[in-house]
Amino acid sequence: MSQTRVRFAPSPTGYLHIGGARTALFNYLLARKEQGTFILRIEDTDVQRSTQQSVDAILDAMAWLGLSCDEGPFYQSERFDLYQRKIQQLLDTGKAYKCYCTPEELDAKREAARQRGDKPCYDGTCRDLPPRADDGTPYVVRFKSQQQGRTSFVDRIKGRITFDNSELDDMIIQRSDGTPTYNFVVVVDDAEMGLTLVLRGDDHVNNTPRQIQIYTALGYPVPEFAHVPMILGADKKRLSKRHGATSVMAYRDMGYLPEALVNYLVRLGWSYGDEEIFSMDELVEKFSLDNVGRSAGVFNPEKLLWLNEHYIKTGDARRLGELLRFYLARIDIVPAEDIDLALVVKSLQDRSRTMVEMAQKAAFYFTEPVVHDAKARAKFITAEQEEIFAVLHEELSGATFDSDGVEAAFKRVLERTGLKFGKVGQPTRVALSGGTSAPGIYEIMLALGRERCLQRIKAARELCANG
RNA sequence: GCGCCCAUCGUCUAGCCUGGCCUAGGACACCGCCCUUUCACGGCGGCGACAGGGGUUCGAAUCCCCUUGGGCGUACCA
């Protein structure tokens, strides 16, 4: 195990979204590649907005994607004592101070600054106040930031980034209710958990200089940073619900395979030459921050769909069969015991872009009696086809039910009736599946098995007779 | 407004660091042809980009500057 320690630190105020999933994935990949440690930390300092439900949703989504952590989940809400001590330490060393300005005053000052066209920074009213006995007046604790000079760091993705310290105001590290704020706890935790690299979203670059100052004030070593670009919608705006689903689990519900989402997400912002398809194992081997791009990427649902199609096409039929059960259940279908789901999957793998689609297309296998599409029936189940069904029934009765066997039986039907493939194939398809658009007829026969085939052909034949 | 970041086909990207191999490669989507028992799959081909302007250089997608465009931040959210 190497020294590399990274983390994913979501705040449980909703489900795991696409952007968060990619950040988690990159961290996970790095940890695995370097045989380091992947830590999961739940950032729930905002007690109001955090819910256990969200925590569970995030955990579920990570498990589904296959992103297992080595340590955690840790909950910041359980570490308030630690933060408290660190804040006191800062207060004691004069690196933080109590601020008695009210939210209303702050808002007014901010607004005034905006009016003047100035940067709306805290003006430092309480910065140099003499120590004051605690008389119950509410206060927040502010970090006394460096005002001279510059703070700069080398981002592993973006290169050197420099901020003028005059840009940084004294931010609040403890609210008036005594709870610590994000920018403070993130530093304490990242340091206490021994992170060697902080890999997170682009939206945090602006927080980095102030965080670096806190590391220094607290005497912690500063880790490396890597800021991954945002994911945008087609309109180049930050990805949100109006761009479609942003929840990872929504993709599972829509019939996406986790490996497809993982593959898509990793390629959005990272590349490895011209390669497009990567298994998790390959990613662990090939992933590197060196090939992560610096610019934001647009989420492209169609490419994700293509990848999903690919993984369905090449996936193990038995595994997909088990997954299919889940999607079948969602449309109230409980597969019959005697039908091998792997055969069903094999017949549909090249025809389904999502598992939801596969379940829909698979429905006919499990529906008794078969519901015939009206147009298809009018055209292919008429008096004209009665003989076909009769002969087919006979041949299938004696056929061996393997792929050579059913094919041979079908060929004999062609010989006996003197008809061409198409003339017999379509009626057969309709009789067996109910429609004209379905898997190959041999595949259907094998999945259905002899009894069901004979039953369905017989039913079709009866329909012919009845007009 | 101010600050930080970014900029190659519609989209994801290769190439950029270490200028010439780039008449800019791959993938998705789209279009066409082929294959074909339906629907699909597949195969082949096509369309399509270095944001603009200045430099530096024998030579720039690659280096520098400006402009433009976009993203992020600017909370007692994270």
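We name chains A, B, ... by the order of the sequence lines, and we start the count at 1 in each one.
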Completion exercise
With B for base contact, S for sugar-phosphate-only contact and - for none (protein heavy atoms under 4.0 Å), nucleotides 37-44 of chain B reads BBBSSS--
Problem - Nearest-Å distance for atom pair CD/P, residues Glu276(A) and C28(B) - result: 7 Å
Exercise for the section: Look at the side chain of Asn207(A) against the base of A78(B) and say whether a donor-acceptor pair falls under 3.5 Å; ignore hydrogens and angles. Expected result: yes
Fill in the blank from the handout: Ranking G3(B), G73(B), C76(B) by distance to the side chain of Asp203(A), first place goes to G73(B)
Fill in the blank from the handout: Of A29(B), C5(B), A78(B), the nucleotide closest to the side chain of Asp46(A) is A78(B)
Exercise for the section: State which of C28(B), U74(B), G3(B) makes the closest approach to the side chain of Pro120(A). Expected result: U74(B)
Practice task
Scan side-chain atoms only and decide if Arg429(A) and Gln426(A) contain a donor-acceptor pair under the 3.5 Å cut-off.
Solution key: yes
Exercise for the section: Could you pick out which residue, Asp274(A) or Asn206(A), lies toward the 5' side of RNA chain B when each is mapped onto its nearest nucleotide? Expected result: Asn206(A)
Practice task
Answer yes or no: does a side-chain N or O of Lys237(A) lie under 4.0 Å from OP1 or OP2 of G71(B)?
Solution key: yes
Practice task
Look at the side-chain N and O atoms of Lys236(A) and state whether any lies under 4.0 Å from the OP1 or OP2 oxygen of G69(B).
Solution key: no
Problem - Centroid-centroid distance, Tyr264(A) to His310(A), less than 6.0 Å - result: no
Exercise for the section: Return no unless some side-chain N or O of Ser176(A) is found under 4.0 Å from OP1 or OP2 of C76(B). Expected result: no
Practice task
Determine, using ring centers only, whether Tyr256(A) and Tyr311(A) are less than 6.0 Å apart.
Solution key: no
Exercise for the section: For this output row, return yes or no: ring centroids of Phe26(A) and Phe8(A) closer than 6.0 angstrom. Expected result: no
